[in-house]
Amino acid sequence: MKHLLKLMDWSAEEIIETLNLADQLKYEKKNNIPHHRLAGKTLGMIFQKSSTRTRVSFEVGMYELGGNALFLSNRDLQIGRGEPVEDTARVLSRYLDGIMIRTFEQAEVEALAEYGSIPIINGLTDYAHPCQVLADLMTIREHKGSFKGLKLCFVGDGNNMANSLIVGGIKMGMKVAIACPDNYQPDAEIIAWAKENGEFEMTSSVLDAMKDADVIYTDVWASMGQEGEAELRKQAFAGYQLNAETMAVTAKDSMVMHCLPAHRGEEITAEVFEAHADEIFDEAENRLHAQKAVLCRLLG
Ligand code: CP
Ligand code: NVA
């Protein structure tokens, strides 16, 4: 594999090998074993949206791998003034060893890959968040031992997180259930693919989706770029909440995940969040290890 544009492009074997490498890199870090596998390499990181985890984990990850990372904000790059992504791709390919990009349109990430000649990593688009889901899968396996027999449930907006979780969950052989309001469903092609390739349930009933689930995932109701719809979305998503009542139908020892940032009192209550904080912050930590594995595989 040359890029990470979306998880659909990676086989189950490629995902598992990346998770295994992430576990190895985490072990090496915890035991102070140096792993300068990308010495002399430079990653460019283009951000057209805010970020805490993605930015810091990629930057620290490159440093710990012996390489270098450049933070390239939309406000400073000529791309923000209209220079075509096709030209940006060809220029940056002459300086860098790889590009991580966070933007709105998936098509922009695909265009970077088409016109550039270096690995491109999707650091979140409106359509997908593959780096997050690799860290999520790593965390699920760490906490549950394996994916075998697990039911993964997502409650909330059917956009980037739901799209990538469906693909990652089905590829790892988990049963996947999604509860979204009717007008906020995941990508139709991904739903059709999931139905053909695994055990998949799409419902507007939160309790049906959460019933006996081992892993329960949620995300904000209004994503970056949708701030103007926040009030409308609060009404549309009322009831799509992880709280004591909805958590009661889940499996014994179920775990809760959130990509963060979280809005307590909206998609998750403060009580449920704090009760599962260990899992949620292990998940955030694993962004670092999973990202380093992606970097090693693509830039190494
Ligand atoms: N989960 C995630 O991608 O976080 P950031 O937006 O802080 O990068
Ligand atoms: N769905 C959220 C995820 C943030 C990591 C967003 O796009 O803003």
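Both counts, for ligands and for their atoms, begin at 1 and track the order of listing.
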Q) Can you list the ligand 2 atoms lying under 4.0 Å from a non-hydrogen atom of L260? A)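 Under 4.0 Å from L260, ligand 2 has these atoms: 5 (C).
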Q) Roughly how far, to the nearest 0.5 Å, is the CG atom of L70 from the CE atom of M45? A)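 M45 atom CE to L70 atom CG measures 7.5 Å (nearest 0.5 Å).
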Decide whether an N or O pair under 3.5 Å exists between [X] and ligand 2.
| X | value |
| --- | --- |
| H129 | no |
| M224 | yes |
| D219 | yes |
| K49 | no |

Under 3.5 Å side-chain donor-acceptor pair for [X] and [Y]:
| X | Y | result |
| --- | --- | --- |
| Q226 | D126 | no |
| E267 | T218 | no |
| R141 | N20 | yes |
| E28 | Q24 | yes |
| H289 | E285 | yes |

Q.
Can you classify the ring geometry of F237 versus W221 as parallel (below 30°), tilted (30 to 60°) or perpendicular (above 60°)?
A. parallel
Q. Quick one: does K49 get a heavy atom under 4.0 Å from ligand 1?
A. no
Q.
I want to confirm something. Looking only at heavy atoms, which of Q132, R53, R287, R102 is nearest to atom 6 (O) of ligand 1?
A. R102
Q.
What I want to know is whether L124 and ligand 1 share at least one N or O pair that is separated by under 3.5 angstrom.
A.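 Min N/O separation from ligand 1 is not below 3.5 Å for L124.
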**Q.** R55-ligand 1 polar pair, N/O distance under 3.5 Å
**A.** no
Q: Using a strict 4.0 Å cut-off to heavy atoms of L260, name the atoms of ligand 1 that fall inside it.
A: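 In order of numbering, the contacting atoms are 1 (N), 2 (C), 4 (O).
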Q. How does L124 reach ligand 2, if at all, at less than 4.0 Å between non-hydrogen atoms: by side chain, backbone, both, or neither?
A. side chain
Q. Any idea which part of D157 is under 4.0 Å from ligand 2, heavy-atom wise: side chain, backbone, both or neither?
A.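 Answer for D157: neither.
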Q. What protein heavy atom sits nearest atom 7 (O) of ligand 1, and how far off is it?
A. T52 N, 2.6 Å
Q) How far is atom 7 (O) of ligand 2 from its nearest protein heavy atom, and which residue and atom name does that atom have? A) N160 ND2, 2.8 Å
Q | Side chain N243, main chain T246, donor-acceptor under 3.5 Å | A |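 Yes; at least one donor-acceptor contact below 3.5 Å.
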Q) Has the side chain of W10 got a donor or acceptor atom that lies under 3.5 Å from a matching backbone atom of H3? A) yes
